[in-house]
Amino acid sequence: MGKVIAIDGPSGSGKTTIAKLIAKELGFGYLDTGALYRAVALVLRNNSIEPEDSDEKLADVLGNTHVTFNNCRVFLNGKDVSEDIRSAMIDHYSSVFSSRKIVRDFLLNAQRDAALNSDLVVEGRDTTTVVFPDAKKKIYLDASIDERAKRRYLQFTKKGINIFMDDSKKNIMDRDSRDASRDIAPLKVAPGALLLDSSNLSIEQVKKKILDFIGIVS
Ligand code: DC
């Protein structure tokens with residue numbers, strides 16, 4: 001098992017940008033667990049599965065589903081779906097379907113396997129608490145709701161997708177409350193985690209604070 005640095009936090013907190021930079025700096029592999037949940041939401045929706053459908057229905061689809069993450073790209077049964085999973089629709093359904101135990105169980109080993117033969121920086125909602133409770137270092141990255149809504153708004157408009165700032169804020173608040181209040185593996189601060197608010201920090205400042213916290217990983 002490789003060394004694991006785990007970073008959790010709500011959407012828009014800057015986890016992805018920072019986790020990639022830290023992985024590069026340390027020469028570790030990188031895993032975006034949210035991308036796996038997004039790919040699962042995509043395959044479920046492609047098969048017309050509704051959030052309230054039975055476990056059996058979900059199991060039928062998941063039984064024929066293979067999700068992998070490689071080189072910052074996510075593959076669904078061998079097809080690169082890295083762009084398809086970044087829609088407002090999948091923002092919503094990934095948060096909804098990720099509260100289902102059958103979905104979380106389906107992805108648990110895939111996440112742990114990523115650290116079998118490689119040192120890893122991993123990011124998500126429960127990577128510090130459930131997936132890698134023994135991670136060498138744990139970080140909880142946060143930012144104010146207004147800052148996170150602004151970041152999501154800019155991400156969408158940069159891609160040419162028109163959304164209103166108010167809608168961006170509402171979407172983030174809905175996902176926050178769903179991701180943090182679900183029964184299984186809710187988003188929370190793990191004991192011993194560095195709690196960092198990135199609202200008023202540059203990416204470089206956040207990176208430095210995290211690298212200082214990590215120190216030398218032996
Ligand atoms: O990090 P993200 O926004 O791409 O994640 C999409 C959704 O997936 C998020 O709203 C909740 C879910 N998720 C999760 O439940 N557990 C994780 N470790 C990562 C993501």
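Every number for a ligand or one of its atoms is a count from 1 in the order of the listing.
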* By number and element, which atoms of ligand 1 are closer than 4.0 Å to a non-hydrogen atom of S98? -> 11 (C), 12 (C), 15 (O)
* Atom indices of ligand 1 within 4.0 angstrom of G124 heavy atoms, with elements -> 18 (N), 19 (C)
* Pair R151, S198: side-chain N/O donor-acceptor within cut-off below 3.5 Å -> yes
* Go through the steps to decide whether K170 and D174 satisfy the test salt bridge (Lys or Arg N to Asp or Glu O under 4.0 Å), and finish with yes or no. => CA-CA 6 Å; K170 187 179 176 312; D174 286 349; 2.8 Å; yes
* **E123, portion touching ligand 1 at heavy-atom distance under 4.0 Å** => neither
* How many angstroms lie between CG in D179 and CG in L187, if you round to the nearest 0.5 Å? -> 7.0 Å
* Are R175 and S94 close enough that a side-chain donor and a side-chain acceptor fall under 3.5 Å? -> no
* Asked: N/O of D126 under 3.5 Å from N/O of ligand 1, yes or no?
  -> yes
* CA sep, side-chain torsions, deciding dist, call: D32, R86, salt bridge (Lys or Arg N to Asp or Glu O under 4.0 Å) -> CA-CA 13 Å; D32 172 0; R86 300 290 165 195; 3.1 Å; yes
* **Selection from G9, A180, G34 by shortest heavy-atom distance to atom 20 (C) of ligand 1** => G34
* **Contact (N/O only, under 3.5 Å) between R125 and ligand 1** => yes
* Can you find an N/O atom of T33 closer than 3.5 Å to an N/O atom of ligand 1? -> yes
* Decide, yes or no, whether a salt bridge links D146 with K150 under the criterion of side-chain N to carboxylate O below 4.0 Å. => no
* Just need the protein heavy atom nearest to atom 7 (C) of ligand 1, so name the residue and atom and give the distance. => S94 OG, 3.4 Å
* Identity and distance of the protein heavy atom lying nearest atom 3 (O) of ligand 1 -> R175 NH2, 2.5 Å
* Identify, by atom number and element, the atoms of ligand 1 in contact range of D179, meaning under 4.0 Å from any of its heavy atoms. => 9 (C), 10 (O), 11 (C)
* Where do R182 and S98 land on the side chain to side chain donor-acceptor pair (under 3.5 Å) test, with the steps shown first? -> CA-CA 9 Å; R182 66 184 175 217; S98 65; 3.1 Å; yes
* **atom 8 (O) of ligand 1: nearest protein contact (heavy atom, Å)** => Y37 CB, 3.4 Å
* Asked: With only distance considered, is T127 within less than 3.5 Å of ligand 1 through an N or O on each side?
  -> no
* To do: Kindly confirm or rule out a cation-pi arrangement of K159 over F156, judged by NZ or CZ under 6.0 Å from the six-membered ring centre and within 45° of its axis?
  => yes
* Does R182 have a non-hydrogen atom less than 4.0 Å from ligand 1? -> yes
* Under-4.0 Å heavy-atom contact with ligand 1, by part of R104 that carries it -> side chain
* Would you please test R100 and E52 for salt bridge (Lys or Arg N to Asp or Glu O under 4.0 Å) and show each step? => CA-CA 10 Å; R100 299 286 295 265; E52 57 281 356; over 6 Å; no
* Identify, for atom 4 (O) of ligand 1, the protein heavy atom at the shortest distance, and state residue, atom and that distance. => R38 NE, 2.6 Å
* Would you please test D91 and R38 for salt bridge (Lys or Arg N to Asp or Glu O under 4.0 Å) and show each step? => CA-CA 7 Å; D91 278 358; R38 285 169 178 273; 2.9 Å; yes
